[in-house]
Structures are given as C-alpha cells and as structure tokens.
Amino acid sequence: MQKWRRNISLVDANNFYCRCQQIFRPDLERDKKVIVVLSNNDGCVVARSAEAKALGIKMGEPWFKLKEIASKHGIVAFSSNYALYADMSNRLMSILGTFSPIQEVYSIDECFLDLTGFTDIRERAYATRALVSKWTGLVVCVGVGPSKTLAKLANHVAKKHPKSKGVFNFNDLTSTQESNVLGHLEVGDVWGIGRRQSVKLHAMGIETVLQLRDADPASMRAKFGVVMEKTIRELRGEECIGIEEVVPAKQQIVSSRSFGNPVVLIEDLADAITHFVTNAAGKLRAQNSIAGLLQVFIMTDRFREDRPQYNPTVAIPLPVATADSMKIAGYAIQGLQRIFKDGYQYKKAGVILGDIGPEHIIQTDLFAAQEDGSSASIMATMDEINAKYGRGTLKLSNDGARNAWGMRADNKSPHYTTNWDEIATCK
DNA sequence: TCTCCGATTAGAC
DNA sequence: CTAACGGTCTAATCGGAGA
C-alpha cells in the first residue's frame, strides 16, 4: 500500500518589498533600474530587486556604505513603506487563501497552503501564480513537499532555478532524483539552519542537505538539540511541524525604535516611550489581552565606541494586569525616571509588555484600594477612531509631541493603496 | 539535587 | 550637510538562586 504523503506548499513572493514599489512605478521596471528598500531610519538594505542582487548588494548591508556604488549605478533606494507592504500582503493572502481551505500566513510575503487531497497540484500551483500576477502584479514561487521544511526547500529551488518556472514539487520526484537534488543543496539553505549551525555542521563534514537528512537523528539531537532532530525528520518527509491556521496570541509585545538623531533630554525620551506604549498597548488590545509586566529600556549608540555607553533596563510588574495605554504610560515614565542618567546620547529606546494573558482573567491586587477609574472605554473609543480615521488621529498628549526622536525616511514612496490623497501620484 | 526564573542565544523575515 | 549598521518574535538553553 502506498504511504500517505502530504502535499504541503509554501508560496513566497519574489523580492516582495521591491516588487511592491516597482508595481506602482512601471518606469523603473521599464528602465531596468536597480532597486533597494531600506530598513527603518534608512539604515540598511532589507530588500533587493533582481538587478540589485546581480550587482552583488548584500542583504543587511548598511546603506551609507553603498552610497558610492549607488550613484554610479543609479540605484533607486526606497525608505520602507510598511502601510503599502501590509496592504499588498493582505491582498496577496486573500487570493492565496482561495486555493486551499487550510492556510497559515507565515510572514508578510509567504504562506503555507495544505494541498493534501488535491490531485492537480501542478495545475493549482501555476494557476496560483497566474492569478496573483493578474490581480496584484506580484510574482510568487511555489514549493511543494511532504513537510513544511521540504516545502520551504522546494520553494528555494523554484526561486533559484529558472528552469522550474516558479514551481517545484518534491513529491513529483523519484527517491533517486530527490537524493540528487538534496545532494546539490547547502545545509545552510534549510529552514532552521542558520549561520552558526552551518559552521558546526561543516566542521563535522556535513555540507549538503542530503548528508544532513541521512545523519542519525538521536546523536544529532544530543549535539544540537530538539530543533535539529525535527529538521532531520522533516527532511525525511515526516511531518513534525504542524500548520498553524490561527495566529497564537503574542506572549510578548515589543515596541522600540532607533532615533533619527541622538537624544539627550529625558523629556524627549518620555515622549518616545509614551509613543511606544501607545503602540504596544494597542497591539495588546487588538488580541484581547492584558499585560502584567512592563519593561522599559534606553540605549546609547553601540557603534560609537568612542562615546560612553549606557544601556539600562527596568522591569515593572504591573499591580493589576491591564491594556490601558494611559495607565501603562504612567508606569513607563516612572521607570524611565528611574533609569535615566544625564550626559549620555541615547540612540534607541523601547518598551516590552510581558506576562500576557486573556483580558477576562484579571488578577487584581488584594492590597490595592478599589479604584474604579478604569479608562477601558476611553481606550476602546480611541482604537475605534484610529481605525476609522487612520493611525495617530487620536493619541496621548505626550505622544510624539516633541518629535526630537523621529525616524529618518528620506525616500519614502506615496501610500498608493491606503491613502486617497496619494493615489493620484501613481504614474 | 531539583526546580524555577530571568537572561542569553539562535533563527526567521 | 553632518553622520550614518532595523524591528519583532519564539523556543531552547544556560546558569544562578532558592527549596
């Protein structure tokens, strides 16, 4: 009897951020311009067009180091425009969701689709590509295999080899063909094998994915931990990592940012911290949770070794778990006052909400006086108004008022798809 | 010695 | 023009403190 093989597919958009920019600037595509998208503060390269990759521009390269090559090759650099990418992502995901009843959105530009039970895998994969391209202009590649790890790897093959025409399926191969393919892939190409593990694996003579697949899971587990064992089993076609259709509630929510310019005043830090709290608590409310722990941190510039460094953190247990921006902001400012020291140039700050649980279980403080000044309804109203009229329409008075710490974004594109006023700028 | 906890590490995008 | 190196998140693991 034939063993039941699952058909897990991983659909991933090519050069997603760059493509989002390119779609609204056909002139750039026509002129074959080299495009890169920069991280917050225009810090480093986080996405590259095919032309940029061909030029040898590396992922994560600091932008200032590329300025010379950039002007030589007429590179077009965009500041990141997350509103645009998130909107394009939503369109992409809803299209992809029509191809399978089981979808896990894994990141902004990729998702797993369980195609087990369908008999026309190839046709579905090509139809997916065609429809996405027609309706959004995005280009996706499809990888299929019996496990998520092999689906990811298949996607890697599909992207790398033009011969595959954007679709690669391990389940279409004989075992000899499969071994042949795996023998030509680097261990570092495997999902879950990063730089460190690659070095360790190479040291023991394991260089190809085939060698890793055929290594002994038990002894590999002893040397590398459980994750490695799962990876090896998945490479053998055993499903160890399940598809997660519902996004689990976050256990920790971080909001932090590097500043466009160094900040020295506590007032400006307080302003930034209030902004971060608003952001983090908003996410907390969006998943119907409350937090019991708040951490506040401020940092100097770690790349400036000539300047004094100071990176304090303070953890503040909240007496009553809450999702109330105003209450949390109050504690956060107290925390800031505790750790702040004059005479440093701060380059980054942030808040972390932890000890997160569902909002209906509220562990109240036995010894605190019963205060009923809950501003929960104010928060709900604020969230509603901000959802309707745009983020930041209503905010806490301190939040962003001084704007001494704002991010640099010199090359931001219009919000083509999310702001009526900016649609006309589409060429 | 065991367990719990926070801190650190490694990986992903 | 200066100067300039991201932000979030999870799971596993480590190491110290207390039971």
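A note on names: the letters A, B, ... follow the listed sequences, proteins ahead of strands, and every chain is numbered from 1.
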Query - DNA chain C contacts made by residues 60-69 of chain A, counting heavy atoms under 4.0 Å - result: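 Contacts with DNA chain C under 4.0 Å: A:Pro62, A:Phe64, A:Lys65, A:Lys67.
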Query raised in the report: Is the shortest side-chain N to carboxylate O distance from A:Arg122 to A:Asp172 below 4.0 Å?
Result: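 So A:Arg122 pairs with A:Asp172 through a salt bridge.
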Report task. Fit a plane to each ring of A:Tyr346 and A:Tyr344, take the angle between them on a 0 to 90° scale, and name the class: parallel (under 30°), tilted (30 to 60°) or perpendicular (over 60°). Result ->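 Aromatic pair A:Tyr346/A:Tyr344 classed tilted.
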Requested in this report: Could you tell me how the ring of A:Phe112 sits relative to the ring of A:Trp191: parallel (under 30°), tilted (30 to 60°) or perpendicular (over 60°)?
Outcome: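 Ring orientation, 0 to 90° scale: tilted.
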Query - For A:Ser71, side-chain hydrogen bond (donor to acceptor under 3.5 Å, both in side chains) partners two or more places apart - result: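 Checked A:Ser71 against side-chain hydrogen bond (donor to acceptor under 3.5 Å, both in side chains); zero matches.
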Requested in this report: Mind running a 4.0 Å heavy-atom check of residues 184-213 of chain A against DNA chain B and sending the residues that fall below it, in number order?
Outcome: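 Output list: A:Val190, A:Trp191, A:Gly192, A:Ile193, A:Gly194, A:Arg195, A:Arg196, A:Gln197.
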What protein N or O atoms touch nucleotides 2-8 of chain B N or O atoms at under 3.5 angstrom, if any, and at what distances?
none

Requested in this report: Check whether any side-chain nitrogen or oxygen of A:Arg304 sits under 4.0 Å from OP1 or OP2 of C:dA4, and answer yes or no.
Outcome: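 Answer is yes, contact under 4.0 Å.
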Query raised in the report: Is any side-chain nitrogen or oxygen of A:Lys152 closer than 4.0 Å to OP1 or OP2 of B:dC13?
Result: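 For B:dC13, OP1/OP2 do have a side-chain N/O of A:Lys152 under 4.0 Å.
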Query raised in the report: Hey, does A:Tyr82 have a side-chain heavy atom less than 4.5 Å from the side chain of A:Asn40?
Result: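 A side-chain contact exists here, since the closest heavy-atom pair is under 4.5 Å.
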Report task. State, with a plain yes or no, whether a side-chain heavy atom of A:Leu235 is found less than 4.5 Å away from one of A:Leu153. Result ->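 A side-chain contact under 4.5 Å exists here.
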Query raised in the report: Taking the six-membered ring for Trp, are A:Phe78 and A:Tyr17 ring centroids under 6.0 Å apart?
Result: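 Distance test on ring centres: not under 6.0 Å, no.
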Requested in this report: Using a 3.5 Å limit on both pairing distances, list the dot-bracket string of DNA chain C from the 5' end; Watson-Crick and G-U wobble pairs count, crossing pairs take [ ], interstrand pairs take |.
Outcome: ......|||||||||||||
Any side-chain donor near an acceptor of the partner, [X] and [Y], under 3.5 Å:
X        : Y        : value
A:Tyr85  : A:Gln21  : yes
A:Asp42  : A:Asn411 : no
A:Asn41  : A:Ser39  : no
A:Ser100 : A:Gln103 : no

**Report entry** Contact letters for nucleotides 7-17 of chain C, in which S counts primed atoms plus P, OP1 and OP2 and B counts the base, heavy atoms under 4.0 Å
**Finding:** SSSBSSS----
Query raised in the report: Touch check for A:Asp42, heavy atoms < 4.0 angstrom, all strands: base, sugar-phosphate only, or nothing?
Result: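 Here A:Asp42 touches no strand at all.
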